[in-house]
Amino acid sequence: MSDKIILTGIKPTGMPHIGNYLGVYKHLIELSQDYKTVAFIADLHALNTIHDPKVIKQYTYEMAAFILAMGLNMDNAILFRQSDIDAIYKLNTFLMNVTPKGLMNRAHSYKAILEKNAASGDDPDNGVNMGLYTYPILMSADILLYNSDIVPVGSDQKQHVEFARDIAEYFNRTYGNTFRLPEPQISKDSGLIPGLDGRKMSKSYDNTIPIFAPESELKKKIMRIITDSKLPDEPKNPDESTIFLLYKHFATDAQIANMRELFEKGKIGYGDAKKMLFDAINTYLSEPRKKYEYFMSHTDELDKILADGAATATKIANKTIERIKKSMLG
Ligand code: TRP
């Protein structure tokens with residue numbers, strides 16, 4: 001086992017969809033088989049949009065149950081709530097003072113809001129609270145607090161990890177070599193998982209397949225996948241079909257080769273291909289779904305896992321804070 005530390009934060013914003021899973025979390029779970037892994041539910045990051053504590057609490061359980069059910073290797077990993085670690089609030093305050101405001105102005109997520117406000121003629125900062133504006137500083141604190149080397153994220157978060165590197169560099173330049181420089185790692189599937197309408201699967205397009213949808217809903221969603229109007233006996237290019245592109249992630253090699261052939265030779269209609277896709281996804285998710293349901297009806301066990309994780313994380317984090325406090329305040 002390498003001594004590199006993998007870290008990622010999972011923002012609790014409701015049930016993940018299979019695009020989130022295949023694009024980010026599957027990769028994290030694979031890494032957790034071989035590396036020391038720090039995984040946490042980023043509930044403080046949800047605060048800038050979700051202002052109902054009951055909702056955040058529920059989503060936090062859902063995300064914890066999800067990542068455990070999908071197989072995060074707890075022999076190598078710790079899992080905790082971001083907000084349970086006191087040191088995070090401290091490091092956030094310290095990093096504020098080495099972070100240029102201009103860096104925040106360059107954040108894609110903030111710029112997207114400015115553009116939206118400009119388009120609708122609103123005040124540029126309409127709807128922007130300071131939690132949102134300084135989001136990348138808190139995220140840098142997450143990354144730097146636990147001395148992480150590799151941060152697996154979706155492509156939308158790459159810039160934030162680069163900011164963490166920039167902030168670590170500003171800090172190191174000012175106070176001497178203190179922080180390790182983290183690297184973002186983007187899974188090759190990130191952003192490439194098609195949704196029901198063939199565009200990238202994303203909540204904002206309303207084209208997602210929730211990962212633990214009940215079977216009947218899963219089936220309904222899959223049947224809604226948009227296809228062209230080719231007939232069953234017409235040859236079809238599998239690599240342009242949402243059905244096949246999703247199937248590839250859930251079926252065995254033999255099944256994938258078989259579907260490719262059926263498409264290319266014009267031996268299957270889209271309806272039957274969708275049934276094959278449903279069976280593959282349903283089989284793949286049947287055990288995780290059971291585990292997920294188990295955890296969601298035993299949240300006391302989740303609390304225990306999260307508390308154990310927080311205890312370990314606190315020890316690591318407090319060491320970092322001691323060092324930083326000394327560097328900055330003497
Ligand atoms: N910002 C990430 C997201 O929206 C979640 C997150 C919070 C995170 N802290 C992090 C990811 C630290 C990686 C590392 O998905």
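In this text the structure is predicted, and so the values were computed from the model without any measurement. Numbering of ligands and ligand atoms starts at 1, following listing order.
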Please work out which of the three classes, parallel, tilted or perpendicular, describes the rings of [Y] and [X], given edges at 30° and 60°.
X	Y	answer
His160	Tyr135	tilted
Tyr294	His298	parallel
Tyr146	Phe40	tilted

Practice task
Indicate the atoms forming the closest heavy-atom contact of Met276 with Tyr247, along with that distance.
Solution key: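 Closest approach of Met276 to Tyr247: O-CE1, 3.5 Å.
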Problem - For ligand 1, the residues whose heavy atoms come within less than 4.0 Å (ordered by chain, then number) - result: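 Within the 4.0 Å shell of ligand 1, which is judged on heavy atoms, sit Leu7, Thr8, Gly9, Lys11, Phe40, Ala42, His45, Tyr135, Met139, Asp142, Ile143, Val151, Val153, Gln157.
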Problem - Met139 side, atom CE; Lys11 side, atom NZ - distance, nearest 0.5 Å - result: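 NZ of Lys11 is found 10.0 Å from CE of Met139.
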Practice task
Treat each ILVMFWY residue as a node, draw an edge where side-chain heavy atoms are under 4.5 Å apart, and state whether Tyr25 and Leu7 are in one component.
Solution key: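 In one cluster with Tyr25: Leu7, no.
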